[in-house]
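Okay, structure first, notes after.
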Amino acid sequence: MKRQYWLMKSEPTAYSINDLVRDKVTCWDGVRNYQARNFMRDDMQEGDGVLFYHSNMTIPCIAGEAKVTKVGYPDFTAWDTEDPHYDPKSCSDHPTWFMVDVQFVRACRTVITLPRLKEISGLEGMEVVKRGSRLSVQPVSPAEWKIIMTLSEWRAL
DNA sequence: GCCAACGTTGGC
DNA sequence: GCCAACGTTGGC
């Protein structure tokens, strides 16, 4: 299948691009929204591009690029009663929640802020620039991806 | 810290 | 199946 692109939100206090630099690969656990779950479970393919987005900070921003290295599989943190995202409705023989693995690709030399994204012609349709957008995993069109790749210098590590 | 927007829950 | 109440997300 043709390569697809995504934007994935993380609160940097919980998990930041620097954490991904350190870990190289991480499982994207803790998503508890059906629409976001469906993207991870049904649509994401190995090699897909990911924009790593820092949400819930003073100035939200795209902070780096990652790629999908493992397609959707059950989010086992949902079965862990100690986990903050524990969900008693999910059981291991019929999991409710799914996650993917993502691998660090490169970081923005200077992050691409949300206010800036809103000013860029061609990005008006992006989910993340829309008011009230809460979806934490969202598709990005090839055209949008291409534009965003020109908006920062990218630092491979 | 506030609050608008949104998703989920549960009573009916 | 409707919808009010509630909890959460996330920009500001």
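Bear in mind that the values here come from a model prediction, so they are computed numbers and not experimental data. For the numbers below, each heavy atom of this structure counts, side chains included, while hydrogens, waters and symmetry mates do not. Note on naming: letters A, B, ... go to the chains in the order of the sequence lines (proteins, then strands), and numbering restarts at 1 for each one.
- A donor-acceptor pair is defined here as one N or O able to donate and one able to accept, closer than 3.5 Å; no such pair exists between the side chain of A:Asp42 and the backbone of A:Phe39.
- A centroid separation of less than 6.0 Å is found between the aromatic rings of A:Tyr34 and A:Trp97.
- Side-chain contact between A:Met44 and A:Trp6 is present, with at least one heavy-atom pair separated by less than 4.5 Å.
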Using nucleotides 7-9 of chain C, report all nitrogen or oxygen pairs with the protein that are shorter than 3.5 Å.
| unit_1 | atom_1 | unit_2 | atom_2 | d |
| --- | --- | --- | --- | --- |
| C:dT8 | O2 | A:Arg134 | NH1 | 3.4 |
| C:dT8 | O2 | A:Arg134 | NH2 | 3.0 |

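- Counting only distance, with no hydrogens or angles, the side chain of A:Ser10 and the backbone of A:His54 share no donor-acceptor pair below 3.5 Å.
- Checking side-chain atoms of A:Gln4 against main-chain N and O of A:Gln45 turns up no donor-acceptor pair under 3.5 Å.
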query: After noting the C-alpha distance and the side-chain angles of A:Val71 and A:Asp101, does the key distance pass the side-chain contact (heavy atoms from CB on, under 4.5 Å) rule?
result: CA-CA 7 Å; A:Val71 299; A:Asp101 285 357; over 6 Å; no
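- Between the side chain of A:Asn33 and the backbone N or O of A:Ala36, at least one donor-acceptor pair lies under 3.5 Å.
- Put simply, A:Arg131 has no side-chain N or O that comes within less than 4.0 Å of OP1 or OP2 on B:dA4.
- Heavy-atom distances under 4.0 Å link DNA chain B to no residue of residues 112-120 of chain A.
- Taking 4.5 Å as the limit, some side-chain heavy atom of A:Ser133 sits within range of a side-chain heavy atom of A:Lys9.
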